[in-house]
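Below is one structure, written out as structure tokens, with a few remarks after it.
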Amino acid sequence: MLKDLGHPEHSFKSVHIAGTKGKGSTAAMLTQMLANNGLKVGIYTSPHIVDLRERIAINDDLIPKADLTRLIAKVADTTKKYEPSERPTFFEILTAVAFLHFAEKNVDIAVLEVGLGGRFDATNVVKPEVCGIVNISLDHM
């Protein structure tokens, strides 16, 4: 899917944060530290609390509704030709939308929180500058 979308994940640097407890806090703190040093920082987290747009932000600005709608439509249009067994999951679609948004907005770096974890996690397609691993509990081993 990312190949069909032009590999947006290759257009920005990233930090990849994994773990059971603390990855959201770590991602948020790192995002603020980088932004406070003058960088344009994207952050991709999950889950959201109230609004789906909470998952994708740049320097505290949630992805605009119009951009979210347009990018979801772009991903849907790209993947509608796929066989049912090849169609992306909800998390894979949102990950692609985040990557497209960060690429379009030319972020300096994106802080990416692992979703489901493990080797098949949709965020694993990036080649991060650095990885952060916080506490990992039994349910993720």
Taking all non-hydrogen atoms of both residues into account, name the closest pair between [X] and [Y] and its distance.
X: R55; Y: H48; value: NE-ND1, 2.9 Å
X: V75; Y: A96; value: CG2-CB, 4.1 Å
X: T20; Y: I136; value: OG1-CA, 3.3 Å
X: I49; Y: E54; value: N-OE1, 2.7 Å
X: S46; Y: F91; value: OG-CE1, 3.9 Å
X: G42; Y: F102; value: CA-CE2, 3.6 Å

According to a hydrophobic-cluster definition based on side-chain heavy atoms being under 4.5 Å apart (Ile, Leu, Val, Met, Phe, Trp, Tyr only), do [X] and [Y] belong together?
X: V15; Y: I133; result: no
X: V130; Y: L30; result: yes
X: L71; Y: M1; result: yes
X: I72; Y: F90; result: yes
X: I17; Y: F12; result: no

### Task
For the pair F99 and V125, evaluate side chain to side chain contact (heavy atoms under 4.5 Å, CB included) and give the outcome as yes or no after the intermediate values.
CA-CA 11 Å; F99 293 167; V125 297; 3.6 Å; yes
Return yes if some donor-acceptor pair links the side-chain N/O of [X] with the main-chain N/O of [Y] below 3.5 Å, else return no.
X: S25; Y: G22; value: no
X: Y44; Y: A110; value: no
X: K105; Y: K40; value: no
X: D108; Y: V41; value: no

Atom [atom1] of [X] and atom [atom2] of [Y]: how far apart are they, to the nearest 0.5 Å?
X: L68; Y: I63; atom1: CG; atom2: CD1; answer: 5.0 Å
X: L112; Y: T95; atom1: CG; atom2: OG1; answer: 8.5 Å
X: K3; Y: H10; atom1: NZ; atom2: NE2; answer: 12.0 Å
X: K74; Y: T78; atom1: NZ; atom2: OG1; answer: 7.0 Å
X: R53; Y: D61; atom1: CZ; atom2: CG; answer: 10.0 Å
X: L2; Y: H7; atom1: CG; atom2: NE2; answer: 7.0 Å

### Sub-4.5 Å side-chain heavy-atom contact between R87 and T79
no
### Query
Are any of the side-chain nitrogens in D67 or R70 under 4.0 Å away from the carboxylate oxygens of its partner?
yes
### Task
Starting from the C-alpha separation in whole Å, work towards a yes-or-no answer on side chain to side chain contact (heavy atoms under 4.5 Å, CB included) for I43 and E113.
CA-CA 8 Å; I43 184 169; E113 183 183 316; over 6 Å; no
### Audit row: L94, L52, side chain to side chain contact (heavy atoms under 4.5 Å, CB included) steps and yes/no
CA-CA 9 Å; L94 280 183; L52 180 66; 3.5 Å; yes
#### Entry: side chain to side chain contact (heavy atoms under 4.5 Å, CB included) assessment of H16 paired with N124
CA-CA 8 Å; H16 208 190; N124 283 345; 3.1 Å; yes
